Amino acid sequence: MVVASLSPVHGDRFRSLAIPVIDLSCHRALTSELIVRACEEFGFFKVIGHGVPLDVVSRMESAALEFFSLPVVEKQRAGPPNPLGYGSRTIGPNGDTGEVEYLLLHANPSSISQQAGMVSRRNPTEFSCVVNEYMETVQEVACKILELLAEGLGLRDSGVFSRLIRDTENDSLLRLNHYPSCHNKEDMRSDRIGFGEHSDPQIITLLRSNDVGGLQILSPSSMDGAVWVPVLPDPTAFHIMVGDLLQVMTNGRLVSVRHRAIVDSYSSRLSMAYFGAPPLHEWISPLPEMITPQMPRCYKSFTWAEYKKAMYSLRLGHNRLDLYRAD
Ligand code: GA4
């Protein structure tokens with residue numbers, strides 16, 4: 001395993017930490033073992049050797065930049081986010097805010113083409129094609145990671161996680177985030193929150209950012225309370241996050257990582273997050289193979305639709321998994 005070192009930036013309490021870097025083009029058995037270890041320890045790792053063509057990423061990035069550079073009134077045609085669409089500064093329906101503007105798109109091709117009409121007046125068809133191509137490519141990488149993960153966990157069915165996001169009715173999303181840099185000196189603080197602390201509710205997140213830093217993860221095993229670890233940007237890689245549903249299905253063996261984004265005062269950051277999610281009607285519960293006498297069942301069963309309903313009724317930083325702990 002290659003290890004990347006993280007340099008401390010601003011924030012409250014921070015420390016530098018080595019996070020795992022996993023090369024997906026390496027030997028399968030070794031890679032799957034490393035993925036499991038990274039997901040247990042951090043719920044977070046970086047992948048290289050992922051095989052996503054550079055032009056697929058560049059086309060998506062250019063389309064996102066083109067959208068965010070439109071006049072505000074134009075962007076607002078694609079909003080407000082309920083929950084999909086364009087939003088600025090408000091996050092979710094319960095009063096959370098951040099120094100960010102964003103576009104939330106559903107992975108479903110018909111939903112993308114519907115949204116494309118509001119996002120791009122110039123060429124909605126081209127926008128749909130670019131988003132569909134990016135989604136399909138990134139979904140493949142997500143499935144590969146999930147299959148390696150299942151193998152590394154020794155599960156009989158290596159498709160047990162990936163099948164959920166391959167399902168034609170999957171509820172996966174793409175979030176394009178633009179964190180603008182500061183225009184005036186008064187705002188140049190080192191602790192401006194772009195996107196507050198939270199874990200991602202879905203199964204898995206694949207995040208690609210430009211070369212501007214800002215992502216921080218909460219160090220899971222720190223003895224001295226919460227410590228934020230800044231992640232060095234790498235536009236050629238993807239950062240992978242374990243989501244709440246994967247924590248439940250693995251009966252708490254893998255952890256969903258808490259993270260946040262800080263705004264850089266001098267450069268604007270663009271991130272593109274793919275959230276792999278199951279169909280709405282899908283029942284989520286700890287896999288029987290993950291329940292042992294040493295590790296009794298930790299979570300109750302619920303459908304993804306139920307979980308979504310709960311998450312939209314709560315604040316961004318809420319520890320929503322606590323609601324589903326088995327007694
Ligand atoms: C966090 C992860 C994804 O960005 C997101 C977010 C969603 C939203 O922006 O609409 C939520 C948040 C996220 C979890 C709690 C609720 C819903 C904002 C919020 C306060 C798209 C998602 O799926 O959940």
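Order of appearance sets the numbers: ligands from 1, and atoms from 1 within every ligand. Keep in mind the model is a prediction, meaning the values are calculated, not measured.
Side-chain contact of D244 with Y307: a donor-acceptor pair under 3.5 Å is present, judged by distance alone.
Here the side chains of D200 and V242 are not in contact, with every heavy-atom distance at 4.5 Å or above. Side-chain contact check for I193 versus I262: some heavy-atom pair is nearer than 4.5 Å.
Within the structure, the closest approach of Q202 to ligand 1 falls below 4.0 Å when heavy atoms are considered.
Remark: E74 does not engage R122 in a salt bridge, criterion side-chain N to carboxylate O under 4.0 Å. Checked for salt-bridge contact, E41 and R37 miss the test: no charged N lies under 4.0 Å from a carboxylate O. Of the charged side-chain nitrogens involved, none lies within less than 4.0 Å of a carboxylate oxygen, so that R89 and E101 do not count as a salt-bridged pair. Salt bridge annotation for D157-R163: present, with a cationic side-chain nitrogen under 4.0 angstrom from a carboxylate oxygen.
Close N/O approach between R320 and ligand 1 is not found [any backbone or side-chain N/O within under 3.5 Å]. Considering backbone and side-chain atoms alike, D200 places every N or O at 3.5 Å or more from each N or O of ligand 1.
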Return all side-chain donor-acceptor pairs below 3.5 angstrom for residues 267-287, not counting sequence neighbours, or 'none' if the list is empty.
residue	atom	partner	partner atom	Å
R269	NE	V212	O	3.3
R269	NH2	S209	OG	3.0
S271	OG	N177	ND2	3.4

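Protein heavy atom at the shortest distance from atom 3 (C) of ligand 1 is F275 CZ, 3.5 Å. In terms of protein heavy-atom proximity, atom 5 (C) of ligand 1 is nearest to R175 NH1, 3.8 Å. Summary of contacts: the protein heavy atom closest to atom 16 (C) of ligand 1 is M311 O, 3.5 Å. The single protein non-hydrogen atom nearest to atom 17 (C) of ligand 1 is Y312 CE2, 3.5 Å, given as residue, atom name and distance. Here the heavy atom of the protein found nearest to atom 19 (C) of ligand 1 is G92 CA, 3.9 Å. The nearest heavy-atom contact from the protein to atom 1 (C) of ligand 1 is H198 CD2, 3.6 Å.
With distances taken over non-hydrogen atoms, the option nearest atom 24 (O) of ligand 1 out of S172, P83, P93, P201 is P201.
For ligand 1, the atoms sitting less than 4.0 Å from at least one non-hydrogen atom of L316 are 12 (C), 20 (C), numbered in the order shown with element in parentheses.
Contacts of L104 with ligand 1, taken as heavy-atom pairs under 4.0 Å, involve the side chain alone.
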